[in-house]
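Contents: one structure, followed by commentary.
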Amino acid sequence: MKDKKPMKSVFKEGAITSEFIGNSIYKHQTKTSIGAHNIFLGQVRADEINGKTVSAIEYTAYEDMANQKFHEIRESAFEKFDLTCMHIYHSLGTVKAGEICLFVFVSSPRRKVVFEALEYIVEAIKADVPVFGKEIFEDESHQWKVNS
Amino acid sequence: MKDKKPMKSVFKEGAITSEFIGNSIYKHQTKTSIGAHNIFLGQVRADEINGKTVSAIEYTAYEDMANQKFHEIRESAFEKFDLTCMHIYHSLGTVKAGEICLFVFVSSPRRKVVFEALEYIVEAIKADVPVFGKEIFEDESHQWKVNS
Amino acid sequence: MNITIKYFGQLTDITHLEEETLEFGGTYVYELLETLYRKYNTLKTKNFQVAQNQELVNENTKITGHEIALLPPFAGG
Amino acid sequence: MNITIKYFGQLTDITHLEEETLEFGGTYVYELLETLYRKYNTLKTKNFQVAQNQELVNENTKITGHEIALLPPFAGG
């Protein structure tokens, strides 16, 4: 049942749609050893900075290294936690305010496991994966996003 | 922006579909102060117990008290955590193995908040809400589920 | 007084009904339980909590005439 | 030797290119950085890490000839 595929790209061009997420949930309904799913979604905020509002983030990445890091995070999470499945998707390119740029999905027989695993994975992504975000304001000026 | 509606029933007849969940995610894309969503899904496991396999759970509840408890959990979570929205849905009636019986959805500007809030809410639901589950085996015999 | 009692989950396997109204002459929850144990032999062997007016109460709580519910272990989610 | 250097995020606002190949005569990462600081004045004021062969390295690491990347603070998710 372990869904441990060989290394593949987690990047998707543009926003991650709610249909994609719903469909991903649907596909797990044949895996009847799963008792608990936990999903994290990162959504682009229309932050106001010095009177200007963020209208989108343009994501770029050092893709080869990023995919390697995603792979390491995945291997390490499967080692630490009793997970049945794990899926990670991250946007590249333009994602508008209100749209989803990160989708992390973990499943396990038991709920305690998914809470721990999901937080571990999301924090590792924020800390270790070379992804860069250019916050585009409504007047087309920009600033570079930094994870806090 | 606080989505604090008056008390309403969280119960839905039968399984919670992936379309419903996807649509619920979609509706949050207009709320551009949100930066992080966290979703918990409880799925019915086809557990094997003494050689028999669970094919479905039939949920019943002490509905008035359960809705009161859900309301208290909701109020308490909004007090403890900086949440933008919170939604809880629980199935009543028959939910087959592989189908979803619990959907908890929290959103906030920041990710740390959603991790803490979601776990708090799910644990409170398991502990405090009078919902009962009859595990139906393939031969139509049953046993009563108890939360661990 | 007349008291409405609701049964849930596995307790309904014993009572074979979900709700009944009883004439009750006592004062406390434990007295009501004794009445019910006489009526339903195996109820005493079961693990359950008592709610009055939708709040959990203990055996020494006074019966107020509000709805009483017998709640076996919860299994939500 | 010839070294390919990749620039990411805000560093591209300074370099105005994402990748270039340089002839490099030194041995260590810090020597390469000195070369780059001479070429791009304001690069020195920026916060970034260096990766060689897709692994983060420090200033005293030897240059092996693999791809070098200059990585400003991450902003995934």
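Lettering follows sequence order; numbering is per chain, from 1. Here the structure is a predicted model, which is why all the values come from computation and not from measurement.
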### Of B:F78, B:F81, B:F115, the residue whose pairing with B:Y120 passes ring pair (Phe, Tyr, Trp, His ring centres under 6.0 Å)
B:F81
### Task
With a 4.5 Å cut-off on heavy-atom pairs, point out which of B:A97, B:G22, B:G98 contacts chain A the most.
B:G98
### Message
Does any backbone or side-chain atom of A:L102 lie under 4.5 Å from a heavy atom of chain B? Answer side chain, backbone, both or neither.
### Response
neither
### Query
Contact part of A:V122 toward chain B, heavy-atom cut-off under 4.5 Å: side chain, backbone, both or neither?
side chain
### Summary
Given A:R111, A:E19, A:K96, A:E99, the one with more heavy-atom pairs under 4.5 angstrom with chain B than any other is A:R111
### Message
Please tell me whether B:Y89 and B:F20 form a close aromatic pair, meaning their ring centres lie under 6.0 Å apart.
### Response
yes
### Identified side chain to side chain donor-acceptor pair (under 3.5 Å) partner of B:E135 from the options B:R45, B:Q143, B:H142
B:Q143
### Query
With a 4.5 angstrom heavy-atom cut-off, which part of A:V114 approaches chain B: side chain, backbone, both or neither?
side chain
### Task
Would you check if the distance from the ring center of A:H87 to the ring center of A:H37 is below 6.0 Å?
no
## Note on the structure
Distance col, row A:Y26:OH vs B:I21:CD1, nearest 0.5 angstrom, shows 13.0 Å
